[in-house]
Amino acid sequence: MRTVTGELRLGVADYTMLDACALAFLGSKEGRPLIERAYNIHPDLGFIVETLAVEGLEGIEAIRVEVGVPIRPMLAERLNSAKAIIAKLGNKVVAAEYKLDGERLQIHKRKEGVTLFSRRLEVITHNYPDVLELVAKNVASREAILEAEVVAINEDTGEYLPFQELMHRRRKYGVAEAMKQYPVALNFFDLLSADRKDYTNFPYGKRRAKLESVVKETERTRPVPALRTADPEEIEKFMEDAIANGCEGLVVKDLDGVYRAGAREFSWVKQKANFPTVSKIGTGFTDEDLQKLPRLLKNYESRVKPPNVESNLVPDVWFRPHLVIETIASEITLSPIHPAGMGRIRKESGLALRFPKFTGKIRNDKKPEDATTVDEIVEMYNLQLKKVERVAQ
DNA sequence: GTCCAACCCATTC
DNA sequence: GTCAGACCAATTCGG
DNA sequence: CCGAATTGGTCTGACGAATGGGTTGGAC
C-alpha cells in the first residue's frame with residue numbers, strides 16, 4: 001500500500017499493517033514484538049493476520065521457524081572505521097568476516113530436497129542446480145537453514161569474479177549452459193536451523209561453531225573466512241586482505257548477538273575534453289541542493305546535445321559542461337552504455353561508476369577541464385584489477 | 001504471419 | 001546497493 | 001523541576017549500476 005503526494009512522502013508498509021492489526025484484534029500495541037517476530041520468521045502477511053484474528057496472540061506465539069518457510073534476512077549497518085565498529089559493538093572480541101561480491105542465498109535443506117531463497121525471499125532454486133548438489137554433498141545435516149554468498153569464480157584459478165558475471169546465472173532459459181559458463185562457489189556465513197532445532201535465538205558465536213561443524217570445506221564450499229579479535233588494527237589488516245582477495249570489504253558481527261530476522265545489525269564496508277558520460281547520479285542530493293541546481297545551471301541550458309558532450313543517453317534537459325560536482329562511487333564497472341574509456345578495456349565497452357553519489361560538494365574551484373579524466377578512470381579501473389590478480393597467483 | 005530490435009519491468013547489488 | 005527525510009522514543013538542555 | 005529542544009534509531013521510498021525476460025510494433 002503506497003502513495004506519494006507531491007512534496008509529501010507517505011508510506012504504508014507491512015510493519016504499519018502489523019501495527020494496525022495489533023490494535024484492531026488485541027486492542028493495544030502490547031503484542032507487537034511477538035507479532036513482529038512471528039512475521040519475520042514467517043513473512044506472509046495474510047497468514048499472520050489470519051492467525052491473529054482466529055487464534056489471537058497464542059496462535060502467534062506458536063509460530064515457529066520452519067524449514068521450507070523463508071526467514072526475513074538480518075541486515076547490516078554501515079560504519080567507516082574499524083575503531084568505530086569495535087566501539088559500537090562494546091569493545092569486545094567480534095567476528096570479522098569477508099563480505100563477498102555475490103548474491104545472498106538462504107538455503108533450506110530437507111528430505112524433499114533443497115530450496116533456495118533470494119534476499120527478497122523469491123524462490124530461485126531453478127537458477128542454481130550446481131548449488132543444490134553442493135549443498136546435498138557438503139552440508140552434513142539432514143535438515144537445515146543456512147545462509148551463504150554465492151560467487152562466480154574462474155574455474156582454473158579459483159579467483160572470484162565480479163557480480164556482473166554472476167548475474168548471467170539469473171535466467172529462466174539456458175540454465176545448464178550458464179551453469180557451465182559461469183561456475184560458482186559458496187561461502188556460508190550463518191546457520192539458522194539444523195536437525196529440527198531453531199538456532200536463531202543462539203548467539204552468533206554458537207551459530208558459527210555449528211556452521212563450521214556442518215559445512216564441509218571443499219574447493220567450492222566453505223564457511224566464509226573469519227577473524228576473531230577486539231583490535232581495530234587487526235581488523236584493518238584483515239580488511240586489506242579481503243580487498244586483495246576480491247571482496248567488497250568486511251562484515252563485523254557481535255558474537256553474542258542473536259539472529260534478528262528482518263532487522264538491521266552492524267556491519268562495515270570500508271572504502272574507498274570531451275565529456276563522455278560515466279554515470280547518471282541521483283543520490284546524495286538534499287532537497288535544498290535540488291532546489292538550487294536549476295538556478296545554478298539555468299544559463300547553460302541547451303535545446304540540443306552540446307557538441308562536446310558524448311552520451312548515449314538522452315536527458316530531459318541538456319546543459320553545456322560548466323558545473324563540477326564531487327561524486328564518489330564504490331568501484332568502476334564495465335559498461336554497455338557509458339562511453340567513457342570506450343574500447344580501452346574491452347571492445348564495445350565503456351566504464352561506469354557503481355553506486356554513484358553526490359558528496360554535497362560543488363567544486364566552484366574547478367572547471368570541467370579540471371575534472372577527472374578518462375585516462376585517470378581507466379587507470380583506476382586497472383588498479384582494481386591488479387588487486388584481484390595479485391591474489392590469484 | 002514471422003522475426004527482431006526497442007522498450008519497459010523485474011531482480012540482484 | 002546509497003542516501004535523505006519522516007517519524008518516534010529517549011535523552012539532554014534551558015528557563 | 002518540567003517542558004522544549006536535540007539526538008539516535010528505524011522505516012520508507014527516492015535514486016544508481018547491471019542482466020534477463022516479456023511485450024510491442026515495425027519491416028519484410
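Within every chain, numbering begins at 1; the chains are lettered A, B, ... in the order of the sequence lines, protein sequences first and strands thereafter.
- Of the possible polar contacts, one joining the Q164(A) side chain to the L334(A) backbone as a donor-acceptor pair under 3.5 Å is found.
- Remark: R260(A) does not engage D254(A) in a salt bridge, criterion side-chain N to carboxylate O under 4.0 Å.
- At the heavy-atom level, F358(A) lies nowhere under 4.0 Å from the strands shown.
- Taking a cutoff of 4.0 Å between a charged side-chain nitrogen and a carboxylate oxygen, D365(A) and R363(A) qualify as a salt bridge.
- For Y128(A) and dT12(B), the OH to P distance is 10 Å, given to the nearest whole Å.
- Comparing dA18(D), dG16(D), dT12(B) by their nearest atom to the side chain of S279(A) picks out dG16(D).
- For R171(A) and dG20(D), the shortest distance from a side-chain N or O to OP1 or OP2 is below 4.0 Å.
- The nearest whole Å value for the distance from the CD atom in E103(A) to the P atom in dT19(D) is 15 Å.
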> Can R222(A) and N187(A) be said to form a side chain to side chain donor-acceptor pair (under 3.5 Å), step by step?
Replying inline: CA-CA 5 Å; R222(A) 64 172 180 179; N187(A) 281 259; 2.8 Å; yes
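- Shown for residues 34-52 of chain A: no residue has heavy atoms falling under 4.0 angstrom of DNA chain D.
- When each of dT10(D), dG20(D), dA18(D) is scored by its nearest atom to the side-chain atoms of E77(A), the top-ranked nucleotide is dT10(D).
- Nucleotide dA18(D) holds its P atom 12 Å from the CZ atom of R346(A), rounded to whole Å.
- Neither OP1 nor OP2 of dA18(D) sits under 4.0 Å from any side-chain N or O of K280(A).
- Considering only the side chain of R119(A), dG1(C) comes nearest among dT11(B), dG5(C), dG1(C).
- Electrostatic pairing of K88(A) and E77(A) does not count as a salt bridge here, judged by no charged N lying under 4.0 Å from a carboxylate O.
- A perpendicular orientation is assigned to the rings of F117(A) and H108(A), their planes being inclined by more than 60° (bins at 30° and 60°).
- Here I124(A) lies out of heavy-atom contact (under 4.0 Å) with every strand.
- Within 4.0 Å of T283(A), counting heavy atoms only, lies at least one base atom of the nucleic acid.
- Between dC13(B), dG1(C), dA4(C), one nucleotide has an atom nearer to the side chain of D287(A) than all others, and that is dA4(C).
- The distance from atom CD1 of I337(A) to atom C1' of dC8(B) is 13 Å, rounded to the nearest whole Å.
- As a whole-Å value, the separation of L334(A) CG from dT19(D) C1' is 14 Å.
- The shortest distance between the side-chain N/O atoms of Y173(A) and the OP1/OP2 oxygens of dT19(D) is not below 4.0 Å.
- The nucleotide whose nearest atom lies closest to any side-chain atom of P336(A) is, among dG5(C), dT19(D), dT10(D), dT19(D).
- Partners of Y204(A) under the ring pair (Phe, Tyr, Trp, His ring centres under 6.0 Å) rule, at least two apart in sequence or in another chain, do not exist in this structure.
- For the pair R120(A) and dT12(B), the criterion of a side-chain N or O lying under 4.0 Å from OP1 or OP2 is met.
- Comparing dA4(C), dA18(D), dT11(B) by their closest approach to the side chain of S335(A) singles out dA18(D).
- The side chain of T286(A) lies closest to dG5(C), out of dT11(B), dG5(C), dG1(C).
- When the P atom of dG22(D) is taken as reference, atom CZ of R170(A) falls 14 Å away, rounded to whole Å.
- A donor-acceptor pair is defined here as one N or O able to donate and one able to accept, closer than 3.5 Å; such a pair exists between the side chain of R169(A) and the backbone of N127(A).
- Of the side-chain N and O atoms in K88(A), none sit less than 4.0 angstrom from OP1 or OP2 of dG8(D).
- Nearest-nucleotide mapping onto DNA chain D: of G282(A) and K172(A), the residue sitting toward the 5' end is G282(A).
- Looking only at distances, no side-chain donor or acceptor of T200(A) sits under 3.5 Å from a matching main-chain atom of L192(A).
- You'll find that the side chain of T333(A) is closest to dA17(D), out of dG9(D), dA17(D), dG21(D).
- Across all strands, R104(A) comes closer than 4.0 Å only to sugar-phosphate atoms, never to a base (heavy-atom distances).
- Candidate nucleotides dC13(B), dT11(B), dG22(D) were compared by shortest atom distance to the side chain of S118(A), and dT11(B) ranks first.
- In this structure, the nucleotide among dT11(B), dC13(B), dT19(D) sitting nearest to the side chain of H168(A) is dT19(D).
- Following rounding to the nearest Å, N127(A) (CG) and dA10(B) (P) show an atom-to-atom distance of 18 Å.
- Both Q164(A) and G174(A) sit near DNA chain D, but only Q164(A) has its closest nucleotide nearer the 5' end.
- One can place CG of L161(A) at 16 Å from C1' of dT19(D), the figure rounded to the nearest angstrom.
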